[in-house]
Amino acid sequence: MRIYREKDYDAMSRRAANIISAEVIRRPDCVLGLATGSTPIGTYKQLAAWNQRGDFSFKEVHSVNLDEYKGLSGDHDQSYRYFMQKNLFDHIDILPENTYVPSGLAEDPEEECRRYDELVKSFGYADLQLLGLGRNGHIGFNEPSDHFVKETHVVDLTESTIEANARFFASADDVPKQALTMGIGCIMAARRILLIASGADKADAIYKTVCGPITPECPASILQLHPDVVLVCDEAALSKLEGTGVEICG
Ligand SMILES: N[C@@H]1[C@@H](O)[C@H](O)[C@@H](COP(=O)(O)O)O[C@@H]1O
């Protein structure tokens with residue numbers, strides 16, 4: 001793992017956007033795995049600004065998102081499809097038909113998961129997979145558990161995730177209790193993984209991701225087994241790595 005320390009959220013976002021834009025410049029028809037949550041918003045803003053300035057184009061890029069809430073339609077303002085439209089897709093030149101998010105409204109969610117898994121596989125998996133990090137170490141919506149789940153699947157959200165995401169809804173009761181998420185297999189099959197984290201409330205999860213045992217109790221810890229992972233974090237998120245001897249750039 002290569003770990004970058006950035007001063008604050010804006011610097012983290014710029015560094016992450018630079019890594020993503022480098023991928024698009026190097027390979028204009030790449031497959032980008034994309035993430036939601038508050039952490040990537042600054043990264044997406046930066047990418048949109050550079051794209052609008054004409055620095056590079058997303059016209060040949062395909063994107064596959066990690067997850068979607070079960071039961072929310074793409075035009076629900078808390079759905080992840082809506083999030084992607086508002087924070088990225090509506091502001092860049094990516095072709096709408098080249099953007100993929102699991103459907104939260106599929107009549108048969110299990111079938112939708114199988115279809116999505118096949119779709120990501122048919123692209124040869126992501127060239128670059130962007131990940132945020134849950135406070136409990138989840139990636140996508142792969143929640144802490146006693147086993148890793150390989151395929152795209154329907155997951156019961158944990159109380160801590162519902163509580164963390166309640167800030168986006170009118171109340172915790174409005175947060176969907178289930179989601180469809182890419183499994184660990186699709187994520188780990190990405191050629192390169194970029195994990196971003198900001199703030200002290202991520203410090204414990206970052207410590208466990210980097211220094212802890214590889215265990216489904218901290219799903220992100222499996223990234224230790226991937227050959228090309230870049231972590232871009234602000235100082236607060238890295239605070240628990242101090243004194244561990246882990247090598248950090250910057
Ligand atoms: N499914 C998403 C994750 O992909 C994201 O990484 C996490 C962290 O969100 P935030 O960046 O808002 O802390 O939230 C959600 O649960």
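Every heavy atom of this structure was used, including side-chain atoms; hydrogens, water molecules and symmetry mates were not. Since the model is a prediction, treat every value here as computed from it, not as a measurement. Counting convention: from 1, in listed order, for ligands and their atoms alike.
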If you look only at distance, which donor and acceptor atoms sit under 3.5 Å apart when one is on a side chain in residues 134-143 and the other is two or more places apart or in another chain?
from, atom 1, to, atom 2, distance (Å)
Asn136, OD1, His138, N, 3.1
Asn136, OD1, His138, ND1, 3.0
Asn136, ND2, Glu143, OE1, 3.1
Asn136, ND2, Thr158, OG1, 3.4
Asn136, ND2, Ser160, OG, 3.3
Asn136, ND2, Thr161, OG1, 3.4
His138, ND1, Glu143, OE1, 3.1
His138, ND1, Thr161, OG1, 3.2
Asn142, ND2, Ile139, O, 3.0
Asn142, ND2, Met182, O, 2.8
Glu143, OE1, Thr161, OG1, 3.0
Glu143, OE2, Thr158, N, 2.9
Glu143, OE2, Thr158, OG1, 3.1
Glu143, OE2, Thr161, OG1, 2.7

| message | I need the contact residues for ligand 1: any residue with a non-hydrogen atom closer than 4.0 Å to the ligand, ordered by chain then number. | response | Thr36, Gly37, Ser38, Thr39, Asp67, Tyr80, Gly132, Leu133, His138, Gly140, Phe141, Asn165, Arg167, Lys202
| message | Working note: Tyr44 + Leu34, criterion side-chain contact (heavy atoms from CB on, under 4.5 Å); need CA distance, chi angles, decisive distance, verdict. | response | CA-CA 10 Å; Tyr44 292 156; Leu34 298 177; 3.6 Å; yes
| message | Parallel, tilted or perpendicular: which one describes the rings of His62 and Phe123, with boundaries at 30° and 60°? | response | tilted
| query | Can you check ring pair (Phe, Tyr, Trp, His ring centres under 6.0 Å) on Tyr82 and Tyr69, steps first, answer last? | reply | CA-CA 11 Å; Tyr82 188 90; Tyr69 285 116; over 10 Å; no
| Residues two or more places apart in sequence or in another chain: which of them pass salt bridge (Lys or Arg N to Asp or Glu O under 4.0 Å) with Arg167? | none
| said: Just to verify, what does Arg15 make a salt bridge (Lys or Arg N to Asp or Glu O under 4.0 Å) with, not counting sequence neighbours? | reply: Glu6
